[in-house]
Amino acid sequence: MSDASRAGRDGAFGGMRPFGDVLPLEEARRLIDEAARVVDGAEWVAVGEAAGRVLAADVPAPFDVPGFDRSAMDGYAVRASDVAEATDAAPVWLRLAGRARPGAAFAGTVAPGTCVDTATGAPIPDGADAMVMVERTSRDADRVKFTRPAVPGDHVSPRANDVRTGAVVLRGGDVLTPARVGVAASFGLRTLLVRRRPVVALISSGDELLDAGDAEGPPPAGHIYDANRAMLAALCRASGADVLPLPLVRDTLQAWRDAFDAAAGADLIVCSGGSSVGEQDYGADILAERGEVRFHGIAVKPGKPTAFARIDRDGGAQFVLAMPGNPTSCLSNAYVLLRPLVRRLAGLPALVPVTREATLTRALSSPVDRLQFYPVRLDGDRAVPVFKGSGDVTSLSDADGYVEVPIGVARVEAGTRVLVTLY
Ligand code: AMP
Ligand code: MG
C-alpha cells in the first residue's frame with residue numbers, strides 16, 4: 001500500500017483511497033506486454049484435438065510426400081518415347097497391359113509398345129515415365145490410340161515433389177489451423193507436442209454475490225448472481241487458456257488472501273470487484289501485499305479501477321489483473337487488456353482488430369480525460385449506441401462492437417461516421 005493510500009485507509013479520505021495518477025491505456029498495454037511472456041511447458045495432444053493450439057516444436061517430415069511417383073491425371077501411363085512422334089495424321093497404337101488405381105499398383109513393368117490405364121493418385125507403373133490424359137486418347141478393346149506426343153514427366157508428381165523427408169512442415173510457435181492439422185494427419189501422426197495452455201484463476205469478489213443455485217429465482221434483497229466468472233471464463237478459454245474458477249470471495253482481506261493462496265498454481269489471476277478505492281475494496285491491497293503493482297487506475301471509461309501486478313512464485317512469475325465488478329466495465333477491459341494478455345501467455349499471435357465504418361444514430365458524450373469504449377450495435381450501415389449503465393448486464397450483450405472516443409473529445413454528434421471495432 002502506498003503512503004497516500006494508507007493515509008486514505010486511516011481516515012483522511014473518510015475510508016476512501018483515491019487514485020493517484022491514472023495511466024493512459026497505451027501505457028497500461030505496454031506494461032502488460034513488457035511483463036507477460038509465453039508460459040513454459042508443453043504437452044502431447046491428439047491430432048484431432050490440436051486445432052487452435054500452439055505447436056511447441058518444429059515437425060520434420062518423417063517421409064517423402066508423395067512417397068512414390070504419382071499420377072496427376074486419369075489416363076494412360078506410357079513410355080514417352082513410344083508416343084514421341086504421335087500426331088492425328090500418324091497416330092500410335094499401344095497395347096493395354098493392365099490398370100493402376102490409387103491403393104492398387106500395377107504389378108508388372110510397362111514394356112515398349114504397351115500402356116497402363118492409370119487413375120489420378122495411382123503409382124506410375126515401372127517402366128512408364130509419362131501420363132497421357134484420357135481425353136487425348138481413344139480406345140478399341142485392348143488397344144489405345146495416341147495422337148499427341150508426350151515428354152517424360154508429363155502429369156507425373158515425382159516422389160517427394162511436395163515434401164522431402166526431414167523438411168520442416170510445421171513450425172514451432174505456429175497456431176494449428178485446419179490446414180496444419182491436415183498436414184499432421186497426412187503424415188500419419190497421432191499426437192502433436194503443443195504448448196501448455198496458461199491457467200487463469202478467476203476470482204469474483206463481493207459480499208453481495210451468489211452462485212447459481214444459492215437461491216431459487218430472484219436473489220434475496222441486496223444480492224446478485226455472479227456474472228463475471230462465467231463471462232471471463234468464456235473469454236479466457238476463447239483466448240487459449242484453461243480456467244480455474246475459485247469460490248466467491250467476500251469483502252475481507254483474509255478472504256482475498258485465502259483466494260490468492262488457492263490460486264498459487266495459476267499463471268494469471270483475474271479478479272473482479274473490489275478493485276476500486278472504497279472501504280471494502282481489498283483488491284488493490286492484496287496486490288500490494290502479494291506482489292509488485294505495475295499500475296492501478298487507467299484513463300478509460302468504463303473500467304478505470306483496473307490494476308495489474310506481478311507476483312514472484314517458486315515456479316516463476318504470476319500475473320494479476322484486477323478489474324471492477326460491474327460486468328460491463330469488467331468485460332470492456334477484458335476485451336482490451338485481458339484478451340491480449342492471455343493470448344500472449346498462450347503464445348498466440350496478437351489479434352488484428354476487425355473494424356467497420358458506420359454512421360452514429362445518436363450523439364455520444366464522453367469524459368474528456370478518459371478514452372471511452374462506447375458499445376454499439378451494428379444495424380446495416382448504422383451504429384446504434386446501446387450503453388445503458390456500467391451496472392446493466394445487457395449493455396454489452398446487445399452490442400456488436402465499440403466506438404473509441406479519444407481523450408479530449410466530449411461529444412460525438414449523431415450522423416458522424418465512426419469506426420466500430422468488433423468484439
Ligand atoms: P465493485 O467493483 O466491487 O465496486 O462492484 C461494482 C458493482 O458491480 C457493484 O454493483 C457490484 O454488485 C457489481 N458486481 C461486482 N462483482 C460482480 C459480479 N461478479 N457479477 C455481477 N455484478 C458484480
Ligand atoms: Mg464490491
Side-chain angles (χ1 to χ4, degrees), residues 5 8-9 13-19 22 28 200-215 217-237 243-260 262-263 268-288 293 295-298 300-309 320-338 370 373 375 387-399:
S5 59
R9 173 50 55 89
F13 301 100
M16 297 283 171
R17 294 154 293 160
F19 287 101
V22 291
V200 181
L202 296 176
I203 294 176
S204 278
S205 76
D207 285 341
E208 72 281 29
L209 299 181
L210 299 177
D211 279 316
D214 282 352
H223 289 269
I224 58 172
Y225 288 111
D226 165 42
N228 295 347
R229 277 176 307 177
M231 187 174 77
L232 295 172
L235 183 132
C236 288
R237 288 202 182 99
V243 300
L244 173 68
L246 294 177
L248 293 172
V249 169
R250 299 307 172 199
D251 292 321
T252 68
L253 192 53
Q254 190 53 47
W256 277 94
R257 286 179 177 142
D258 294 344
F260 270 55
L268 171 66
I269 304 176
V270 176
C271 330
S272 69
S275 69
S276 193
V277 293
E279 213 173 352
Q280 301 207 99
D281 291 338
Y282 292 102
D285 296 343
I286 186 81
L287 261 57
V293 178
F295 61 79
H296 184 208
I298 44 181
V300 296
K301 183 188 176 184
K304 174 175 153 183
T306 291
F308 179 64
V320 190
L321 188 67
M323 299 190 287
N326 269 321
T328 305
S329 317
C330 179
L331 187 57
S332 186
N333 265 359
Y335 278 121
V336 297
L337 294 174
L338 175 60
R370 285 194 274 163
F373 294 98
F387 186 72
K388 297 182 195 164
S390 300
D392 295 333
V393 288
T394 55
S395 280
L396 287 194
S397 61
D398 284 340

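Just so you know, residue 1 is the first one in the sequence shown, and it goes up from there. Both counts, for ligands and for their atoms, begin at 1 and track the order of listing.
- Nearest protein heavy-atom contact of atom 4 (O) of ligand 1 is Asp281 OD1, 4.3 Å.
- Considering all non-hydrogen atoms of both residues, Asn333 and Gly303 come closest at ND2-O, 2.8 Å.
- Heavy-atom separations between Pro324 and ligand 1 include at least one value shorter than 4.0 Å.
- Of the candidates Ser329, Cys330, Gly325, it is Gly325 that places a heavy atom closest to atom 23 (C) of ligand 1.
- Ala201 and Leu246 get closest at one heavy-atom pair: CB-CD1, 4.1 Å.
- The contact set between ligand 1 and Ser204, taken as ligand atoms under 4.0 Å from a residue heavy atom, comprises 19 (N).
- Looking only at side-chain heavy atoms (C-beta outward), Trp256 and Cys271 come within less than 4.5 Å of each other.
- Near Pro327, meaning under 4.0 Å from any of its heavy atoms, are these atoms of ligand 1: 21 (C), 22 (N).
- Ranking protein heavy atoms by distance to atom 11 (C) of ligand 1, first place goes to Glu208 OE2, 3.0 Å.
- In terms of protein heavy atoms, atom 20 (N) of ligand 1 is closest to Ala227 N, 3.0 Å.
- For the side-chain contact (heavy atoms from CB on, under 4.5 Å) test with Thr306, the passing option among Pro324, Ser272, Ser276 is Pro324; the others fail.
- Close contacts of ligand 1 with Gly274, meaning ligand atoms under 4.0 Å from a residue heavy atom, involve 1 (P), 2 (O), 3 (O).
- For ligand 1 and Asn326, the ligand atoms under 4.0 Å from any heavy atom of the residue are 6 (C), 7 (C), 8 (O).
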I'd like a table of donor-acceptor pairs (distance under 3.5 Å, sequence neighbours excluded) in which one partner is a side-chain atom from residues 207-215, with atom names and distances.
residue : atom : partner : partner atom : Å
Asp207  : OD1  : Asp251  : N            : 2.9
Asp211  : OD1  : Arg229  : NH2          : 2.4
Asp214  : OD2  : Asp211  : N            : 2.7

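- For the residue pair Met323 and Cys330, the shortest heavy atom distance occurs at SD-O, 3.6 Å.
- Considering backbone and side-chain atoms together, Asn228 places an N or O closer than 3.5 Å to an N or O of ligand 1.
- Counting only heavy atoms of the protein, atom 19 (N) of ligand 1 lies nearest to Asp226 OD1, 2.7 Å.
- Of the possible polar contacts, none joining the Asp392 side chain to the Thr394 backbone as a donor-acceptor pair under 3.5 Å is found.
- For Phe308, the ring-ring contact (aromatic ring centres under 6.0 Å, His included) partners at least two apart in sequence or on another chain are Phe295, Phe319.
- Proximity of Ile224 to ligand 1, defined as any heavy-atom pair under 4.0 Å, is confined to the side chain (atoms from C-beta onward).
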